[in-house]
Amino acid sequence: MEKLQALRGMADLLPEQTNLWQHIELCIRRHFTRAGISEIRTPLLEPTELFARSIGENTDVVGKEMYTFKDKGERSCTLRPEGTASIVRSAIQNGLLSQGAQKLWYCGPMFRYERPQAGRLRQFHQTGLEFLGFSHPRSDVEAISIAWDLLNDLGVQNLTLQINSLGDSEDRFRFRESLTKWLNEHLEKLDKDSQDRIEKNPLRILDTKDSATKALLKNAPLLNESLSTKSKQRFNEVKYLLEELHIPFQFNPLLVRGLDYYSHTAFEITSDQLGSQSTVCGGGRYDSLVKELGGPDTNAIGWAIGMERIVILLDKLKSIDTHKEQKIYLVNKGKEAEYFALKVTRALRLLDKIVEIDLSQAAFSKQLKRADKSGAKWAIIIGDNEAKEEKVVLKNLRSATEDSTSEKNLALNELLKLFT
RNA sequence: GCGGGCGUCGCCAAGUGGUUAAGGCAGCGGCUUGUGGCGCCGCUAUUCGGGGGUUCGAAUCCCCUCGCUCGCCCCA
């Protein structure tokens with residue numbers, strides 16, 4: 001029979017790794033909470049139309065990466081490939097925006113049908129924030145600084161923040177014209193991919209990895225040259241405020257993000273330790289998306305962090321401290337002892353202690369071995385002799401020497417008092 | 001969708017045509033019928049991702065297929 005296994009690109013998170021994930025999630029929650037941002041949870045499955053309209057029909061995400069299928073009612077459904085669209089949909093549907101501006105965060109799985117590689121899975125996880133109803137450059141910087149501080153607090157090293165301004169839709173239209181004109185003049189010198197993209201998405205050519213095209217583009221018109229005075233001023237203010245906060249950044253005029261809804265500030269935080277998928281956090285302003293999805297005219301900015309990519313970076317550092325050294329391991333053997341041990345275990349847990357009970361009936365030596373391996377600090381040993389007198393033997397597994405001076409014979413109430 | 005690399009026990013891994021497929025880690029059992037960390041002993045792949053072929057003989061050669069992985073595209 002064929003071995004049953006997870007689908008391609010779908011990863012299990014094993015007990016070994018969930019410690020790190022919990023640590024990261026805790027840190028994320030703390031950072032959002034302390035910034036006054038509220039969590040929002042939306043369905044994993046949405047009408048396909050939502051993503052087609054928000055992300056853009058011509059993007060790769062919509063064009064070839066979505067998990068789309070028909071449900072039993074013949075509705076076209078899609079597993080969410082990103083978080084922003086769902087959140088905007090939810091804010092509109094639930095009238096959140098009529099209650100004022102919203103500061104929201106989310107965390108959860110996303111799905112993209114791509115070939116997996118380092119730092120990329122078909123089911124992956126993102127955490128992100130969305131500020132809906134904020135237009136001032138301050139909100140851009142607030143959003144960026146939260147991401148920056150979060151990543152640094154997690155211990156991610158060697159990060160680079162790159163920013164650019166895509167201007168408003170008029171700026172971009174103007175730029176698109178001049179860029180397309182220039183590209184067509186140099187058509188034969190472009191690589192094949194870039195040639196194909198001139199019609200569909202010329203801005204993305206700026207982001208090419210083809211070195212010949214890259215060199216050629218040094219003479220291409222630049223996006224920031226097409227920006228209106230107003231857009232330029234806005235961008236300058238963002239940069240000024242980042243400097244004021246001492247958040248180091250690089251201006252990257254070639255940074256163009258892949259989803260259609262971005263405008264003005266676009267940014268990326270990358271790491272040089274990730275292989276080719278180097279983006280840890282990406283985001284930007286999307287001032288027209290809410291309206292395009294049928295909501296009130298609402299300025300917005302948001303970003304998303306790829307959780308797996310953080311895990312890769314943090315895995316290299318190791319050593320997330322757990323609370324194992326506070327653990328108590330219950331060694332027990334014999335019928336009366338086993339019953340008594342269950343009671344002791346629960347009594348200790350009701351005092352909020354971390355208690356693991358051995359359920360094996362193996363020899364004491366075996367159980368002690370497991371106790372040691374489990375990382376517990378204390379072993380409580382109960383045999384029938386102890387059970388008869390309602391006593392336990394308490395042993396410190398982390399005392400340095402081989403002597404047994406740490407062993408104590410205690411009545412149950414004495415034990416509980418000791419751990420209170 | 002397109003390239004490159006790889007598939008031998010739960011994990012790491014030797015073996016590259018010749019009778020029984022090293023070793024290490026983990027696991028289990030014992031030395032020690034009630035006391036761990038060290039040590040010692042024992043057990044754990046009729047089988048080399050799957051299928052077909054070549055051969056007296058294949059984990060080793062050939063073909064097909066599946067899977068993993070890295071990269072392209074694209075993105076977090």
Side-chain angles (χ1 to χ4, degrees), chain A residues 1-9 11 14 16 55 58-66 81-84 107-128 147 151 191-194 196-197 201 204 207-210 256-259 267-271 274-283 302-313 329 331-334 337 358 360 362-387 393-402 404 406-407:
Chain A
M1 201 177 85
E2 283 285 300
K3 274 187 217 165
L4 227 35
Q5 58 177 353
L7 292 168
R8 169 176 293 167
L14 302 176
E16 229 187 2
I55 299 170
N58 284 330
T59 62
D60 278 27
V61 171
V62 172
K64 58 182 203 189
E65 295 172 1
M66 295 207 298
E82 57 110 40
T84 303
C107 183
M110 306 292 163
F111 303 83
R112 258 123 95 161
Y113 194 88
E114 306 176 83
R115 285 295 292 268
Q117 68 187 74
R120 175 199 283 164
L121 290 168
R122 287 182 173 182
Q123 179 180 159
F124 61 105
H125 298 77
Q126 286 185 338
T127 185
L151 290 168
D191 61 285
K192 177 88 174 48
D193 279 336
S194 296
D196 292 344
R197 274 191 287 193
N201 199 346
R204 295 247 12 125
D207 226 7
T208 186
K209 281 176 188 165
D210 185 275
V256 185
R257 300 197 45 75
L259 313 185
F267 68 97
E268 239 170 56
I269 300 174
T270 56
S271 163
L274 272 176
S276 79
Q277 307 304 320
S278 60
T279 305
V280 172
C281 173
W303 51 251
I305 285 175
M307 303 271 285
E308 278 79 1
R309 293 181 185 178
I310 292 178
V311 169
I312 291 170
L313 293 169
Y329 193 98
V331 171
N332 58 115
K333 187 170 171 65
D358 196 299
S360 73
F364 281 92
S365 63
K366 211 79 221 173
Q367 294 192 36
L368 256 316
K369 211 172 262 185
R370 269 196 287 265
D372 185 52
K373 194 172 260 177
S374 80
K377 177 174 184 184
W378 300 100
I380 287 174
I381 304 165
I382 300 173
D384 283 340
N385 298 341
E386 287 78 19
V393 171
L394 176 67
K395 184 175 179 126
N396 185 339
L397 295 172
R398 300 291 159 237
S399 51
T401 54
E402 293 231 353
S404 310
S406 64
E407 263 182 56

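Here is how names work: the chains are called A, B, and so on, in the same order as the sequence lines, proteins then strands, and each is numbered from 1. No hydrogens, no waters, no symmetry mates; every other heavy atom, side chains included, goes into these values.
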Student: Side-chain N or O of A/Q117 versus OP1/OP2 of B/G71: is the shortest distance under 4.0 Å?
Tutor: yes

Student: Reckon A/R370 has a side-chain N or O less than 4.0 Å from the OP1 or OP2 of B/U35?
Tutor: no

Student: What does A/D60 touch in the nucleic acid at a heavy-atom separation under 4.0 angstrom: a base, only the sugar-phosphate, or nothing?
Tutor: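 Sugar-phosphate only.
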
Student: Restricting both atoms to N or O, compile the protein contacts to nucleotides 30-33 of chain B shorter than 3.5 Å, with distance only.
Tutor:
none

Student: Send over the distance from A/E114 CD to B/G71 P, rounded to a whole Å.
Tutor: 13 Å

Student: With a 3.5 angstrom cut-off on both distances, give the Watson-Crick or G-U wobble partner of B/C28, or none if there isn't one.
Tutor: B/G42

Student: With heavy atoms under 4.0 Å as the rule, sort A/R120 into base, sugar-phosphate or nothing.
Tutor: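 Contact class for A/R120: base.
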
Student: B/G67 phosphate, OP1 or OP2: any side-chain N/O from A/Q5 under 4.0 angstrom?
Tutor: no

Student: Do you know the tightest heavy-atom contact between A/P81 and A/I55?
Tutor: CG-CD1, 3.9 Å

Student: For a quick check of understanding: with a heavy-atom distance under 4.0 Å over all strands, which category does A/G128 fall into, base, sugar-phosphate or nothing?
Tutor: nothing

Student: Step through the shown structure and confirm whether more than 12 heavy atoms of other residues, nucleotides or ligands are within 6.0 Å of CZ on A/F364.
Tutor: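 Atom CZ in A/F364 is crowded, with more than 12 foreign heavy atoms closer than 6.0 Å.
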
Student: Select base, sugar-phosphate, or nothing to describe what A/E82 touches, counting heavy atoms under 4.0 Å on all strands.
Tutor: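 Nothing, no heavy atom under 4.0 Å.
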
Student: Quick one: does any side-chain atom of A/E308 pair with a main-chain N or O of A/H125 as donor and acceptor, under 3.5 Å?
Tutor: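 It does hold such a pair.
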
Student: NA contact type, A/R115, heavy-atom cut-off 4.0 Å: base, sugar-phosphate, or nothing?
Tutor: base

Student: Assign A/E16 to base, sugar-phosphate, or nothing according to its heavy-atom contacts below 4.0 angstrom with the strands shown.
Tutor: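 The answer is nothing, as A/E16 stays clear of every strand by at least 4.0 Å.
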
Student: Using a 4.0 Å heavy-atom cut-off, does A/A304 contact any base of the nucleic acid, only the sugar-phosphate backbone, or nothing at all?
Tutor: sugar-phosphate

Student: Rounding to the closest angstrom, what is the interatomic distance between B/G27 and B/C12 at atom C1'?
Tutor: 15 Å

Student: Keeping the roles fixed (side chain from A/D358, backbone from A/N332), state whether a donor-acceptor pair exists under 3.5 Å.
Tutor: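 Absent.
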
Student: Do side-chain atoms of A/R398 reach the backbone of A/A376 as a donor and acceptor pair under 3.5 angstrom?
Tutor: yes

Student: For B/C73, give the paired nucleotide (Watson-Crick: N1-N3 plus N6-O4 or O6-N4; G-U: N1-O2 and O6-N3; both under 3.5 Å), or none.
Tutor: none

